[in-house]
Amino acid sequence: MRGGTVRAPALLAAAALFLGGTPSAVAAGPVRYPNLRTLPPDNLYFTKAKIGGSTHRLLRFGNTAWNAGQGPLELSAKPVDATSAIAYQRLLDARGRLAARRVVGRFVFHPSHNHFHLENFARYELWTRAGYDAWVASGRTTGAPFRTSKKVSFCLLDTFHISTGRGPPGRVYANCTQSGLSGISVGWGDWYSARLPGQFIDLGGSIPPGGDYVLRSISDPANILWESPGKATDERESQPANAAVTAFRIASGVAYEQLAADDFEGGTLARWTSHRGASVQSGGAFAGVRSARLSASGGPAFLGRQIRLGRTGVQLDLQFRIVSQRTETVLAAIRDDRGRVLAEVSVGTQGRVRFRNGVRGWTRATPVTVSRNTWHSLQLRLRLKAGVDRSVVTVDRTRALSVNGRFGTLPIGRIAVGDPHRGHRFTVHVDQVLAEGFR
């Protein structure tokens, strides 16, 4: 995903071909500009590779750039030779007519991907969490990442629909050639999975020591693309506008990517993509001054979070206190990306902790019981790996259950805290929720 050096004649030709306006005899309307955004990097993991004759450790991850603007991010090319082309951005009006055209760099053919990429489209940075927080606190003036990627090139395509209420219902840009159009439609995103060439940061000879880190991804870091008239709108053109971060921790050589975290001190449930029968309460928290209250009288009472792009491993930690209970009460669940339960932990009316494999349809009681009106810790861990899926339940730092078996073939796509089922009656307090992805 890296390009080579630029030939001087090609650069001169690119400079001479900077164009504006519309070539059509029919006057175009006002430009509908794209608005480039980045999703937090996904599916982090460490691997090894031979680089320069020695073994290097790599942090691999997926990356998604998407278009939140009013017009498509559309690119065209003019070939220079068999392996490179001048890259143009085509700016369109509301009717899809060409309103302006700008030279924005060049395309280079990448044999490993077998198509053309726009150069210098992305940059990846690895920070310690403390270093990143200090950099932000300084107004982004003091500090630097301790590892960065080389300049990363992309083939821009419609991979999946992110903002489903906006933009075309189907893919418009589907290939990257020297003669066709490429780009990202309004409401669509371009996802590069962690396994693709170039989707990594080179760590050198070893994985960083255990601790808290931040992975930052910036789309269009040199601001080569036009997202506003005259590139004058910082809310669209600046690096902070086009960047996203993923917080993660390293423990025992494994990257644990933060998928969701809530201590409810903010007083809202805004960090959850869905919730019913839930509220934030003051007083009686496990830590701080607030916790979540899940109360069911025959209806659902839960907090739900969608995990975009899926994961093969998820660890869900929380603190819970059962206040009252008349029926079986589900505390935590891990689901696939279609919503089917993969692994679920519940507590019976006598306090017995139970585990259910929702795909195979069996339930197993653990030897652990919990008392009411007492805070307990729960960890539900599930890893899907080619026929040797494994789930572990830990209560109050004691392993309550460890089972191997099949938990389905789809990736993990959702987590839930509380009970989404009807007919159950209970009140449970929840605090210090943390969901992490791992491989």
Approximate separation, where rounding is to 0.5 Å, of [X] [atom1] and [Y] [atom2]:
| X | Y | atom1 | atom2 | result |
| --- | --- | --- | --- | --- |
| Ser282 | Arg290 | OG | CZ | 4.5 Å |
| Thr38 | Arg123 | OG1 | CZ | 13.5 Å |
| Phe320 | Thr374 | CZ | OG1 | 10.0 Å |
| Gln350 | Thr369 | CD | OG1 | 10.0 Å |
| Lys48 | His56 | NZ | NE2 | 13.0 Å |

Please walk me through it: do Phe302 and Arg276 pass side-chain contact (heavy atoms from CB on, under 4.5 Å)? CA-CA 6 Å; Phe302 71 95; Arg276 292 187 62 182; 3.9 Å; yes
Please check this pair: side chain of [X] against backbone of [Y], looking for a donor-acceptor N/O pair closer than 3.5 Å.
| X | Y | value |
| --- | --- | --- |
| Asp396 | His376 | no |
| Ser138 | Trp135 | yes |
| Asn35 | Gly69 | no |
| Arg271 | Ala261 | yes |
| Glu227 | Leu36 | yes |
| Asp419 | Val330 | yes |
| Thr128 | Gly131 | yes |
| Thr427 | Ser295 | no |
| Gln89 | Leu75 | no |
| Arg321 | Trp375 | no |

In terms of side-chain heavy atoms, does [X] have a donor or acceptor partner in [Y] at a distance below 3.5 Å?
| X | Y | answer |
| --- | --- | --- |
| Gln281 | His429 | yes |
| Asp317 | Gln379 | yes |
| Asn63 | Ser217 | yes |
| Glu74 | Tyr173 | yes |
| Asp133 | Trp127 | no |
| Gln199 | Tyr124 | yes |
| Thr329 | Gln325 | yes |
| Arg356 | Ser346 | no |

Using a strict 4.0 Å threshold on nitrogen-to-oxygen distance, state whether Glu344 and Arg354 make a salt bridge. no
Lys/Arg N to Asp/Glu carboxylate O, Glu257 vs Arg249, below 4.0 Å: no
Hey, are the side chains of [X] and [Y] touching, using non-hydrogen atoms and a 4.5 Å cut-off?
| X | Y | result |
| --- | --- | --- |
| Leu157 | Ile184 | no |
| Asp336 | Phe407 | no |
| Asn223 | Lys231 | yes |
| Ser391 | Val403 | yes |
| Phe248 | Leu215 | yes |
| Thr312 | Ile412 | no |
| Val214 | Thr246 | no |
| Leu44 | Arg60 | no |

side-chain contact (heavy atoms from CB on, under 4.5 Å) partners of Leu39, counting only residues at least two apart: Thr64, Trp66, Phe160, Ile162, Arg308
Mind listing the closest non-hydrogen atom pair of [X] and [Y] along with its distance?
| X | Y | answer |
| --- | --- | --- |
| Ile415 | Ala260 | CD1-CB, 4.3 Å |
| Ile201 | Phe61 | N-CE2, 3.8 Å |
| Asp158 | Arg171 | O-NE, 2.6 Å |
| Leu378 | Leu331 | CD2-CB, 4.0 Å |

Report yes or no: is the cationic atom of Arg364 (NZ for Lys, CZ for Arg) under 6.0 Å from the centre of the six-membered ring of Trp362, at an angle within 45° of the ring normal? yes
Axial cation check for Tyr45 ring with Arg439, 6.0 Å and 45° limits: yes
Applying the side chain to side chain contact (heavy atoms under 4.5 Å, CB included) test to Leu73, which of Asp220, Leu156, Asp190, Val186 qualifies? Leu156
Can you spot which of Asp202, Leu126, Thr47 makes a side chain to side chain contact (heavy atoms under 4.5 Å, CB included) with Leu59? Leu126
Please work out which of the three classes, parallel, tilted or perpendicular, describes the rings of Trp272 and Phe264, given edges at 30° and 60°. parallel
In terms of the angle between their ring planes, are Tyr256 and Phe438 parallel, tilted or perpendicular, with boundaries placed at 30° and 60°? tilted
If a pair satisfies ring pair (Phe, Tyr, Trp, His ring centres under 6.0 Å) and one of its residues is in residues 327-347, list it, with sequence neighbours excluded. none
Exactly one of Arg381, Arg360, Arg383, Arg406 should register a salt bridge (charged side-chain N to carboxylate O under 4.0 Å, His left out) with Asp389. Which one does? Arg406
